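For clarity, every value in this text was computed on a predicted model and none was experimentally measured.
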Amino acid sequence: MTINQLLKTAPVTTLLLISFIGLFIIQFLTGVDINSPSTEALLNWGANALPLTMTDEPWRLVSSGFLHIGLMHLLFNGFAMYFFGQIAEPMFGSAKFLALFLLAVIGGNLLNNYVTWQGILDGTGQPGLSAGASGGIMGIGAALLIAALFKISVNGMVLNLRSLVFIMGINLVYGFAVPGIDNAGHIGGAVTGLIIALGFAIAYRQRMAAIQQDRTIYSTHYGNYSLNNEVYNHTNADIPVNSTINSRPIDVTPTKTSKPTLLWSLLPWLVMLLIAIGFVWWWQDIHNQILQILSTVE
């Protein structure tokens, strides 16, 4: 798929890829090491880090999702975003796709910070930092798993569930096998994507059921009308097939329709709103714990 084709079918995916690459190039041009950026450089460019993210700089929950630690990290995440994004964005819609990515990034970073903080309290961990779009990408991948499970199609094609499970499994195993990988961020992003995708899937099923119900009602009451003026086949009237009708226009509006689908259209947004509210509460809870500990130390 060319850049123009990707921009047309998945504009948000294209812009995210451009932002990843653009930020990396700017870092390189300002002297950041291309393979092993320093801790100071990563902090300056918005990495997720305790206690900064959970005290005065919560914006790092998002900014870290666009920052990558070295060229290989960028290439790996860039390819995954390209692969998943061109499928997921047309399926979910650009606005919902972007919201899904950002919430998955935040969810991954929050779980990472929670695990790190609990380790500090237990005396088994220490403050660290993380960066990368992996949490958001895992969220997209998990959402595609739900789409495949519910047989949601995109451009007439249904996703292969086994292939998606295999790809997601490789990412999780790789994360646990290689030291330094943000496993909590991957899991947090994936769980966030799963929950959001359930809202998409339920809404999709209900919309499809409503459409099918309308078609059934229409067929039952009016048969198969041809809208090019007068030729039609009416299953419930004693009129010859393919007769020509020259009388007044026939009202083909069903006498009964299915329930409005507005609620189902809004369901994914409602789910994401509830998740966002939950994330704010979670951040606030860890934030208060850190402030309490810091005040005790001082």
Side-chain angles (χ1 to χ4, degrees), residues 1 6 9-17 20 61-62 65-66 76-112 132-175 182-208 264-279:
M1 182 179 290
L6 185 64
T9 59
V12 170
T13 299
T14 308
L15 292 176
L16 286 174
L17 287 171
F20 298 162
L61 290 170
V62 175
F66 295 81
F76 186 84
N77 280 344
F79 176 78
M81 174 60 75
Y82 171 80
F83 178 77
F84 284 149
Q86 63 180 297
I87 303 171
E89 186 175 346
M91 177 180 290
F92 300 130
S94 294
K96 295 186 185 76
F97 172 79
L98 178 60
L100 166 63
F101 171 76
L102 294 176
L103 284 173
V105 167
I106 294 171
N109 282 330
L110 281 174
L111 184 60
N112 171 275
S134 303
I137 293 169
M138 290 294 285
I140 296 169
L144 289 175
L145 278 177
I146 295 296
L149 186 64
F150 279 74
K151 298 186 181 342
I152 299 175
S153 63
V154 54
N155 297 327
M157 297 182 294
V158 177
L159 299 173
N160 188 299
L161 181 60
R162 289 185 178 181
S163 297
L164 286 168
V165 170
F166 180 73
I167 293 172
M168 295 290 288
I170 287 177
N171 278 275
L172 289 174
V173 170
Y174 178 78
D182 182 12
N183 296 308
H186 288 180
I187 295 171
V191 172
T192 302
L194 283 173
I195 296 172
I196 293 174
L198 284 174
F200 282 110
I202 293 171
Y204 175 83
R205 281 283 180 88
Q206 293 298 327
R207 288 198 303 271
M208 293 301 101
W264 302 118
S265 299
L266 293 176
L267 182 61
W269 289 112
L270 293 174
V271 171
M272 289 189 284
L273 176 61
L274 290 175
I275 289 175
I277 293 172
F279 284 169

* To do: Determine, step by step, whether H186 and I137 satisfy the side chain to side chain contact (heavy atoms under 4.5 Å, CB included) criterion, reporting the C-alpha distance in whole Å, the side-chain angles of both residues, the deciding distance to 0.1 Å, and the verdict.
  => CA-CA 8 Å; H186 288 180; I137 293 169; over 6 Å; no
* Asked: So how far is it from Q86 CD to T13 OG1, rounded to the nearest 0.5 Å?
  -> 8.0 Å
* Considering residues at least two apart in sequence or located in another chain, which fulfil the side chain to side chain contact (heavy atoms under 4.5 Å, CB included) criterion with L267? -> I202, A203, W264, V271
* Asked: Which heavy atom of A10 sits nearest a heavy atom of G85, and at what distance?
  -> CB-O, 4.1 Å
* To do: Only counting residues at least two apart or in another chain, list the ones meeting ring-ring contact (aromatic ring centres under 6.0 Å, His included) with F92.
  => F200
* Structure fact -> Scanning both residues in full, the closest heavy-atom pair of A88 with I140 reads CB-CG2, 3.6 Å
* What is the minimum heavy-atom distance between M272 and L100, and which atoms define it? -> SD-N, 4.1 Å
* To do: Calculate, to the nearest 0.5 Å, the distance between atoms CG and CG belonging to L110 and L61 respectively.
  => 5.0 Å
* **Heavy-atom side-chain contact between L102 and L98 under 4.5 Å** => yes
* To do: Starting at CG of L273, measure out to CG of L266 and round the result to the nearest 0.5 Å.
  => 11.0 Å
* For F279, enumerate each residue passing the ring-ring contact (aromatic ring centres under 6.0 Å, His included) test, keeping only those at least two apart in sequence or located in another chain. => none
* Validation row: L149, L145 side chains within 4.5 angstrom (heavy atoms) -> no
* To do: Take L16 and V12 through the test side chain to side chain contact (heavy atoms under 4.5 Å, CB included) and record every step on the way to the result.
  => CA-CA 6 Å; L16 286 174; V12 170; 4.0 Å; yes
* Structure fact -> dist L6:CG -> T14:OG1 (nearest 0.5 Å) comes out at 3.5 Å
* F101 and F20 aromatic ring geometry - parallel, tilted or perpendicular at 30°/60° bounds -> tilted
* Between CG of L111 and CD1 of I106, what distance do you get to the nearest 0.5 Å? -> 14.0 Å
* About how many Å separate OH of Y204 and NZ of K151, when rounded to the nearest 0.5 Å? -> 11.0 Å
* To do: Please identify each residue that fulfils side chain to side chain contact (heavy atoms under 4.5 Å, CB included) with A201, with sequence neighbours left out.
  => I146, F150, I152
* Side chains of V105 and V62 in contact at under 4.5 Å (non-hydrogen atoms) -> no
* For T192 and G107, work out which heavy atoms get closest and say how close. => OG1-CA, 3.8 Å
* To do: Might you point out which heavy atoms bring S265 and P268 nearest each other, and give the distance in Å?
  => O-CD, 3.5 Å
* For A142 and G193, which heavy atoms make the closest approach, and how far apart are they? -> CB-C, 4.4 Å
* Asked: What is the ring orientation for Y82 with F79, classed by angle as parallel under 30°, tilted 30 to 60°, or perpendicular over 60°?
  -> tilted
* **Pairs where residues 93-103 contributes a residue and the test side-chain hydrogen bond (donor to acceptor under 3.5 Å, both in side chains) is met, not counting sequence neighbours** => E89-S94
